[in-house]
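Worksheet for the structure shown next.
The analysis underlying the following values was restricted to heavy atoms, covering all of them including side chains, and did not include hydrogens, waters or symmetry mates.
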Amino acid sequence: MNETLILKSRPVVESLNDKHKALVGHLKSKNINPSLTVVIVGDDPASHVYVRRKGQACEKLGIVSDTIALPADTPESALLDLITKLNSDKSIHGILVQSPMPKQINEDHIILAIDPKKDVDCFHPHNVGLLVSGNPYMQPCTPAGIVEILKYYKISPEGKHVVVMGRSNIVGKPMANLLVQKKQFANATVTVVHSRTNAIGEYTKQADILIAAIGQPHFVTNNMVKEGAVVIDVGMNRIDADNEKGYALVGDVKYDEVFEKVSAITPVPGGVGPMTIAMLMENTITAAAQQGGITLD
Ligand code: GUN
């Protein structure tokens, strides 16, 4: 039996970093200093870890970054005022407000307030519309990162049946939209299943490529995958554990159980997670080039 391929993101990120460093250098030679501002509201520890990693990634590539941390009781109006200020600051090319936000803040209002040109998450309806119509300005970070993993490991989704588990605006829906595009490393037949799908395993068993993004630890079991399938695990679930931290990070897939059966699988951690940040860097570079009137190939 063939060995299962572990789809680690490290070499993919390293190769993207080289490309991104060169692009940042090119922009700087044209007097454009790519710059990202990340806003985080509240004290969610996991979100603070992700935001710190975004700042570190910027630093590594020479992208200017700023993190604005606001208290958990920040009113929506104050956050909207801050976004207005960031929108009009010409030295800032990308704006990201970390999700989830405290309950007094309506995330839709925040997404709508961000200038679509600076929307490095690709969450604004303007950018979602461009993606759906096949003319994207920005790529949704996590889904685009998954496509980069597939490209790096030469796993083409063309003509394959991809089953996406989850219908979030961050992963499930944009993932499906990317993979049905009429272009290279897309052209897939896509099924989206979710929490209200009856007999979900009947669909997942048919997947050539299974993308699990449902936020349920160890939901996908051995009997839910097809022999030889490629499994992409987007889950990053904290579960209680008897260790120093008191928790462990696990995916949506029972990795040990499905490992022998599948042909390739992303690990958690070290799989999809770092790709989101790499693609955020790419979007910041795209935004800086666009706002500086430069075309990148
Ligand atoms: N929270 C978890 N993932 C993301 C992301 O990609 N963007 C934002 N803004 N918040 C997140």
Inset, instruction - Check salt bridge (charged side-chain N to carboxylate O under 4.0 Å, His left out) between Lys60 and all other residues, then give those that pass, not counting sequence neighbours. - result: none
Inset, instruction - Hey, could you give me each pair passing salt bridge (Lys or Arg N to Asp or Glu O under 4.0 Å) that has a residue in residues 74-84? Not counting sequence neighbours. - result: none
Legend entry - Greater than 12 external heavy atoms within 6.0 Å of Lys160's NZ: yes
Legend entry - Other residues, nucleotides, ligands: >12 heavy atoms within 6.0 Å of Tyr153 OH: yes
Legend entry - Sequence-distant partners of Tyr247, side-chain hydrogen bond (donor to acceptor under 3.5 Å, both in side chains), two or more places apart: Arg238
Inset, instruction - Would you name the heavy atoms of Thr276 and Cys141 that are closest together and state the gap between them? - result: O-CB, 3.6 Å
Inset, instruction - Indicate yes or no for a side-chain donor-acceptor contact from Gln291 to the backbone of Lys117 under 3.5 Å, with no hydrogens or angles considered. - result: yes
Legend entry - Ser195 vs Ile200 side-chain heavy atoms within contact, under 4.5 Å: no
Inset, instruction - Flag the pair Val258 / Val253 as yes when at least one side-chain heavy-atom distance between them is below 4.5 Å, and no otherwise. - result: yes
Inset, instruction - Determine which pairs satisfy salt bridge (Lys or Arg N to Asp or Glu O under 4.0 Å) with at least one residue from residues 185-212, sequence neighbours left out, and list them in order. - result: Glu202-Lys205, Asp208-Lys226
Inset, instruction - Quick one: which residue pairs count as a ring-ring contact (aromatic ring centres under 6.0 Å, His included) with a foot in residues 127-150, not counting sequence neighbours? - result: none
Legend entry - Qualifying residues under ring pair (Phe, Tyr, Trp, His ring centres under 6.0 Å), relative to Tyr255, sequence neighbours excluded: Phe259
